[in-house]
Engineer: 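Input: one structure, supplied below.
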Amino acid sequence: MYNILTCDDEQIVIDSLQFIIKKNFEGQINLFSALSGSDALAIASREKIDIIFMDINMPGMSGLETINCIMNLKPDTVIVVLSAFDKFQYAQEAMNLGAYKYITKPVNRNIVIQTVRNAMNLVDERRGKDSEGQDLQKKLDTVSPMVESDFIYSCMFSSDRKEDLSSYLEYFNLAVTNYFFTSIEVPHSDSRNQNEFYSGIRKMLTEKYRCLMGSFMANRLVMFFCMDKIDEDLFECFHEMAKSIYTMLSMNISQKVRMGVSRLSNELSNVSSACKEAMNALNGTSPNGELLFAEDMTKKSASPEKSLEVRERIYNRLRIGDSAGVQFLAGLFCSEQVAAGMEMDKIKSGVFELLVNIRNITKELNPGYENTSFDSAFSLLVGTQEISVIQDFLTNVLVECAAAVASVKEQRENPLVKKIIDYIDQNMSHNYSLEDVAATVGVSPFYMSKLFKEEMGETFINYVTDRRLDRTKKLLVETDLSIKEIAGQTGYSDQNYFSRQFKNKFGISPTDFRNTNNQ
């Protein structure tokens, strides 16, 4: 079955084309139509279109502009250009954009039939190649991740192992021109869902970039990216590529993804230092999600003060019953120890001390809480050398303890804070200030601000902004409302200001976010 789209600003041309195609290819085709370039682009984005008949001369978005967009979006689409202008420059430009054939109007019945038949043959040929490629890819997908992980491991320790890394690149048919490493931390990942995260990230990145990816170490991944030799500003292209990678990860996984990027290099002998640069840059990023380049990094060395800081953050999030927060911080705590090169015995000792304090805090806030997992903590730590096992145990204990604390807090939840949150959720489209809400609930702005920060762990303004922007993401994906309408429904009277806020938080414009998620 072939999906065929006919696009022309004259309905009579569409009707004529579809009559010829339907009469001669009954049972083989599904027909779609569009009266403008923008409509054609929307259909091509939404449906798996195999063949398109596209008029060049249309008001608004021209046929050539539409072809350019579609070929960037769906390069395997077979496009036949229609035009009343029998001029070489139109045909040449259409072919340069990737069009298959150029025919003039009024269309000749026999030419249309033969063009459709030839286009179908081309679609079959491409489908056959795709099928062969899929069979080969299945075989490679079994072996390649193991080889990639070994390559990354060799890069991390090449100065000790003296590996011939060029053999790995030959295996993947990669030539060393320019390359860089990234190290990312995936929030809320543990041994139960890391395979799913790994497969999703690997598929997403390898479809667009030439890269190799290691396996999870705690909740972190290290990746190697190749850049083709280009004539433009190499430094600028490198930064744009890294930012694009980070945007993809933030948008498809979590806005709290952290990513460190090494300096750009073209010498294979530098892989070990470049790999370590990416890992060190990751350590310097914000726990709320950030991209950091090695050359922009303020040098930070592992220190007892930094370890204590993470511990205190864990205790603070535990005291307010924040399960998601302690889960993230458990991964951060373990990965920081690994990245700092700490010996396993010292890591175990630190985790055991942390567990003891966690139990004491939980018992203090919820005297009736009991957890037999604490009794097995010492034996588990003694019997394993796997950081992932230690992290999973710590995470499970922290999440359970946070839930126990939260259950007690709910019984004595501050009714004033609940009233404030209800007001925020019920008045999402209104443009109000902290002073307005304080007056509504009957307290002073200073008292409300202080109480809200203590109870929720963040400022009133940040909380409202996050709630509004998260709501806009849902509306962009689930509705056909315009950007202006969505901005209005979430309290933004200025569409441009809303777009800037959205891009600052998610690293992508509202329009691009919608287009990407509706493909």
Engineer: Under 3.5 Å, is there a donor-acceptor pair between the side chain of Tyr369 and the main chain of Arg359?
Structural biologist: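 It does not hold such a pair.
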Engineer: Show, in sequence, the C-alpha distance, side-chain angles and deciding distance for Glu295 and His239, and conclude whether the side chain to side chain contact (heavy atoms under 4.5 Å, CB included) test is met.
Structural biologist: CA-CA 11 Å; Glu295 66 260 25; His239 280 79; 2.7 Å; yes
Engineer: Any heavy-atom pair between the side chains of Ile390 and Met344 that's under 4.5 Å?
Structural biologist: yes
Engineer: Donor-acceptor check, side chain of Ser149 to backbone of Ser215, threshold 3.5 angstrom: yes or no?
Structural biologist: yes
Engineer: Between Lys208 and Met248, which heavy-atom pair has the shortest distance, and what is it?
Structural biologist: CD-SD, 4.0 Å
Engineer: Evaluate the criterion side chain to side chain contact (heavy atoms under 4.5 Å, CB included) for residue pair Arg319 and Leu365; output intermediate values, then yes/no.
Structural biologist: CA-CA 8 Å; Arg319 288 188 177 98; Leu365 297 172; 4.2 Å; yes
Engineer: Is the shortest side-chain heavy-atom distance between Leu355 and Phe393 below 4.5 Å?
Structural biologist: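 In contact.
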Engineer: Could Lys474 and Asp470 be called an ion pair, given the rule that one side-chain N must be under 4.0 Å from one carboxylate O?
Structural biologist: no
Engineer: For residues 171-186, pull every pair meeting salt bridge (Lys or Arg N to Asp or Glu O under 4.0 Å), keeping only residues two or more places apart or in separate chains.
Structural biologist: Glu185-Arg220, Glu185-Arg258
Engineer: Determine the minimum heavy-atom distance between Ala281 and Gly260, stating which atoms define it.
Structural biologist: CB-CA, 3.7 Å
Engineer: Looking at Val222, Ile201, Ile152, which hits side chain to side chain contact (heavy atoms under 4.5 Å, CB included) with Met213?
Structural biologist: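 Testing Met213 for a side chain to side chain contact (heavy atoms under 4.5 Å, CB included) against Val222, Ile201, Ile152 leaves exactly one candidate, Ile201.
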Engineer: Run the side chain to side chain contact (heavy atoms under 4.5 Å, CB included) check on Met223 and Tyr209 step by step: do they pass?
Structural biologist: CA-CA 11 Å; Met223 291 168 280; Tyr209 303 105; over 6 Å; no
Engineer: Step by step, would you call Asp512 with Ser509 a side-chain hydrogen bond (donor to acceptor under 3.5 Å, both in side chains)?
Structural biologist: CA-CA 5 Å; Asp512 289 342; Ser509 71; 3.2 Å; yes
Engineer: To check you understand the geometry: which heavy-atom pair defines the closest contact between Ser482 and Arg514, and what is its length?
Structural biologist: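 Minimum heavy-atom contact is CA-NH1, 4.4 Å.
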Engineer: Examine distances only and state if a side-chain atom of Ser449 and a backbone atom of Pro445 form a donor-acceptor pair shorter than 3.5 Å.
Structural biologist: no
Engineer: Go through Leu169 and Phe224 one step at a time and tell me if the side chain to side chain contact (heavy atoms under 4.5 Å, CB included) criterion holds.
Structural biologist: CA-CA 11 Å; Leu169 299 180; Phe224 171 90; 4.0 Å; yes
Engineer: Taking Asn316 for the side chain and Glu312 for the main chain, is one N or O donor matched with an acceptor at less than 3.5 Å?
Structural biologist: yes
Engineer: Is the terminal nitrogen or CZ of Arg500 (NZ for Lys, CZ for Arg) located under 6.0 angstrom from the six-membered ring centre of Tyr492 and within 45° of that ring's axis?
Structural biologist: no
Engineer: Return the orientation label for the Phe180 and Phe225 ring planes: parallel under 30°, perpendicular over 60°, tilted otherwise.
Structural biologist: parallel
Engineer: Checking Ser349 side chain against Asp345 main chain: does a donor-acceptor pair fall under 3.5 Å?
Structural biologist: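 No: the side chain of Ser349 does not pair with the backbone of Asp345.
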Engineer: Rounded to the nearest 0.5 Å, what separation is found between the CD atom of Gln391 and the CD atom of Glu386?
Structural biologist: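 Between Gln391 CD and Glu386 CD, I get 12.0 Å after rounding to 0.5 Å.
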Engineer: When rounded to the nearest 0.5 angstrom, what distance separates OG in Ser376 from CG in Leu381?
Structural biologist: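 The OG atom of Ser376 sits 9.0 Å away from the CG atom of Leu381.
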Engineer: Less than 4.5 Å apart, side chain to side chain, heavy atoms only: is that true for Leu469 and Thr472?
Structural biologist: yes
Engineer: Main chain of Tyr497, side chain of Asp494: is a donor-acceptor contact present, judged purely on distance under 3.5 Å?
Structural biologist: yes
Engineer: Counting C-beta onward and ignoring hydrogens, is there a side-chain heavy-atom pair between Pro510 and Phe498 closer than 4.5 Å?
Structural biologist: yes
Engineer: Taking all non-hydrogen atoms of both residues, which atom of Thr395 and which atom of Ala330 are closest, and how far apart?
Structural biologist: OG1-CB, 3.5 Å
Engineer: Less than 3.5 Å apart, any donor N or O on the side chain of Thr459 or Asn462 sitting next to an acceptor on the other?
Structural biologist: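 The criterion, which ignores hydrogens and geometry beyond distance, is satisfied for Asn462 and Thr459.
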Engineer: Specify whether Tyr179 and Phe181 have parallel, tilted or perpendicular ring planes, treating 30° as the upper limit for parallel and 60° as the lower limit for perpendicular.
Structural biologist: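 The rings of Tyr179 and Phe181 stand perpendicular, inter-plane angle above 60°.
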Engineer: Sub-3.5 Å donor-acceptor pair from the side chain of Thr490 to the main-chain atoms of Ile486, do we have one?
Structural biologist: yes
Engineer: Of all heavy-atom pairs between Ala402 and Val326, which one has the smallest distance, and what is that distance?
Structural biologist: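 Taking every non-hydrogen atom into account, CB-CG2, 4.0 Å.
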Engineer: Determine the minimum heavy-atom distance between Met241 and Cys226, stating which atoms define it.
Structural biologist: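 Heavy-atom minimum between the residues: CE-O, 3.9 Å.
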Engineer: Side-chain contact test, heavy atoms from C-beta onward, threshold under 4.5 Å: evaluate it for Leu41 versus Ile70 and give yes or no.
Structural biologist: yes
Engineer: Determine whether Val477 and Phe513 make a side-chain contact, defined as any pair of heavy atoms from C-beta on separated by less than 4.5 Å.
Structural biologist: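 Of all side-chain heavy-atom pairs linking Phe513 with Val477, at least one is under 4.5 Å.
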Engineer: In Å and rounded to the nearest 0.5 Å, what is the CD1 to CG distance from Ile358 to Leu318?
Structural biologist: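 Result: 6.5 Å between the selected atoms.
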Engineer: Please check: side-chain N/O of Asn270 versus main-chain N/O of Ser265, any donor-acceptor pairing under 3.5 Å?
Structural biologist: no
Engineer: May I ask you to decide if the ring planes of Tyr432 and Phe460 are parallel, tilted or perpendicular, using 30° and 60° as cut-offs?
Structural biologist: tilted
Engineer: Counting neighbours of NZ on Lys503 that are heavy atoms of other residues, nucleotides or ligands and sit closer than 6.0 Å, is the number greater than 12?
Structural biologist: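 Atom NZ in Lys503 is not crowded, with 12 or fewer foreign heavy atoms closer than 6.0 Å.
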Engineer: Can you tell me how far apart CG (Leu434) and CD1 (Ile420) are? Round to the nearest 0.5 Å.
Structural biologist: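 If I round to the nearest 0.5 Å, the distance is 8.0 Å.
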Engineer: Taking Ser499 for its side chain and Gln495 for its backbone only, find out whether a donor-acceptor pair lies under 3.5 Å.
Structural biologist: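 Yes, the answer is positive, given that a donor and an acceptor are paired below the 3.5 Å cut-off.
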Engineer: Which distance, rounded to the nearest 0.5 Å, do you find between the OH of Tyr315 and the CG of Leu329?
Structural biologist: 12.0 Å
Engineer: Report the distance from atom CG of Asp76 to atom CE of Met71, rounding to the nearest 0.5 Å.
Structural biologist: 8.0 Å
Engineer: Should the heavy atoms of other residues, nucleotides or ligands under 6.0 Å from CG of Asp425 be counted, would the total exceed 12?
Structural biologist: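 Result for CG/Asp425: enclosed.
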Engineer: Between Phe502 and Leu476, is there a side-chain heavy-atom distance shorter than 4.5 Å?
Structural biologist: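 They are in contact (side-chain heavy atoms under 4.5 Å apart), so the answer is yes.
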